[in-house]
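Quick notes on the structure that follows.
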Amino acid sequence: MKNLHEKFSAIDLLNHLFSKIKFIFSAQSYIIEILEDAKKRSRMVGILGREGMGKSSAIAQYIQDSEQVYYLRIGTTYTISNLLNELLYQLTDVYPTVSETLFDKMKKLSFFLSKDNTKRLVIIDDAGRLSARGLSTWFELRDNTISTTGFVFIGLDYFQKNLLRAKKNGVPGIAEFYRRVENWYWVPGLKKNEITAYGVEKKLTQNQLMQLAAAGIE
């Protein structure tokens, strides 16, 4: 019988999403290229885009085709300890005990993410939900694993804006986190020919295709 953390894992959710993917747009291919580059070069980057632009489905496809990739999706109820627990479970298949401190967990994660020269990638989705303290946890882990592990923070458009505002206001930990983000990438919108191709894939009539193109829907 599965434990609670196994029943509701972020990876299982992505696998379910991947099973529903029928069409890959250029925006999703763009995200996949960024993920692969971050992994190969152990980079820390941010990906920004509006909701519904295919970020999660692109991650789902990438994880299906790649090894040593770990995925966390931030929920409103998550604590720093919850997130570290999930990442440790993905790395070791052992869920941390209640007695383990944040210090213990950080040391374990730093070890398992840098114990050899294997390239790894940690993807943090809905990163805009992270608190200032939560962000400082990630830049500490980044410093401990800089030669082996890439980190990609996925967020809505406001994520970077909120970080810059907090940085300007001197919120502790934000400037240190922001300085370590090497690049910010914006997910492009859909191209007109992609919208048409999607309509053809869905077997729309010519009249429906014209209406779809005219609507400018993404």
Side-chain angles (χ1 to χ4, degrees), residues 10-11 13-74 83 86-87 90-91 109 113-114 117-130 134-135 137-164 167 174 176-191 193-195 197-198 218:
I11 294 294
L13 177 63
L14 272 183
N15 287 338
H16 173 73
L17 178 61
F18 182 76
S19 70
K20 306 296 182 183
I21 296 175
K22 303 297 182 184
F23 201 92
I24 298 296
F25 297 100
S26 60
Q28 292 163 308
S29 298
Y30 175 68
I31 294 169
I32 289 170
E33 289 177 7
I34 295 169
L35 296 175
E36 181 61 17
D37 181 67
K39 181 184 176 185
K40 283 184 176 180
R41 299 170 61 194
S42 301
R43 304 180 74 224
M44 181 164 158
V45 303
I47 298 178
L48 306 171
R50 300 190 305 278
E51 192 170 359
M53 295 303 294
K55 297 186 294 296
S56 294
S57 56
I59 295 167
Q61 184 184 21
Y62 181 71
I63 289 178
Q64 288 285 330
D65 297 334
S66 306
E67 296 180 347
Q68 305 293 337
V69 180
Y70 310 99
Y71 173 79
L72 299 169
R73 185 166 186 164
I74 311 301
L83 294 172
E86 283 205 30
L87 184 53
Q90 290 185 41
L91 279 162
L109 285 171
L113 289 172
S114 61
N117 293 323
T118 302
K119 293 294 184 178
R120 300 174 176 86
L121 183 68
V122 177
I123 301 170
I124 300 96
D125 204 357
D126 281 343
R129 296 178 184 270
L130 284 167
L135 289 169
T137 300
W138 293 107
F139 81 66
E140 180 181 350
L141 188 59
R142 166 62 173 171
D143 288 351
N144 293 344
T145 62
I146 195 166
S147 63
T148 59
T149 305
F151 291 84
V152 177
F153 293 82
I154 314 286
L156 298 178
D157 296 358
Y158 65 78
F159 178 42
Q160 186 187 28
K161 294 176 184 177
N162 288 351
L163 285 175
L164 287 171
K167 179 173 174 280
I174 297 299
E176 291 85 353
F177 173 85
Y178 197 86
R179 187 171 65 248
R180 287 164 174 79
V181 180
E182 298 173 55
N183 281 99
W184 291 93
Y185 299 95
W186 288 82
V187 179
L190 301 183
K191 300 175 181 177
N193 64 331
E194 290 184 314
I195 297 174
Y198 181 75
E218 291 190 350

Step-by-step side-chain hydrogen bond (donor to acceptor under 3.5 Å, both in side chains) determination, Y158 to Q160: CA-CA 6 Å; Y158 65 78; Q160 186 187 28; over 6 Å; no
Side chain K119, main chain S147, donor-acceptor under 3.5 Å: yes
From R129 atom CZ to F159 atom CZ, the distance as rounded to the nearest 0.5 Å: 12.5 Å
R142 side chain to T149 backbone, donor-acceptor under 3.5 Å: yes
Separation of K40 NZ from L121 CG (nearest 0.5 Å): 12.5 Å
Any donor-acceptor N/O pair, T145 side chain to S114 backbone, under 3.5 Å: no
Beyond-backbone contact of D143 with R180, side-chain heavy atoms, under 4.5 angstrom: yes
Non-hydrogen atoms of S42 and T148 that approach each other most closely: OG-C, 3.4 Å
Distance, nearest 0.5 Å, that separates CD1 of I124 from CH2 of W138: 4.5 Å
Member of V181, I123, L141, V45 meeting the side chain to side chain contact (heavy atoms under 4.5 Å, CB included) criterion with F151: L141
Residue pair I59 / V152, side-chain heavy-atom distance below 4.5 Å: no
CD1 on I47 to OH on Y30, rounded to 0.5 Å: 8.0 Å
L83 and L130, any side-chain heavy atoms less than 4.5 Å apart: yes
Under-4.0 Å salt bridge between D125 and K55: no
Verdict with reasoning, T118 to E67, per side-chain contact (heavy atoms from CB on, under 4.5 Å): CA-CA 10 Å; T118 302; E67 296 180 347; over 6 Å; no
Heavy-atom check, side chain of E33 versus side chain of Y185, under 4.5 Å: no
From CZ (F153) to CG (L48), nearest 0.5 Å: 12.5 Å
Ring-ring centroid check Y178 W184, cutoff 6.0 Å: yes
Rounded distance (nearest 0.5 Å) linking atom CD of Q68 with atom CG of L91: 8.0 Å
Atom of Y70, atom of L87 and distance for their closest heavy-atom approach: CB-CD1, 3.6 Å
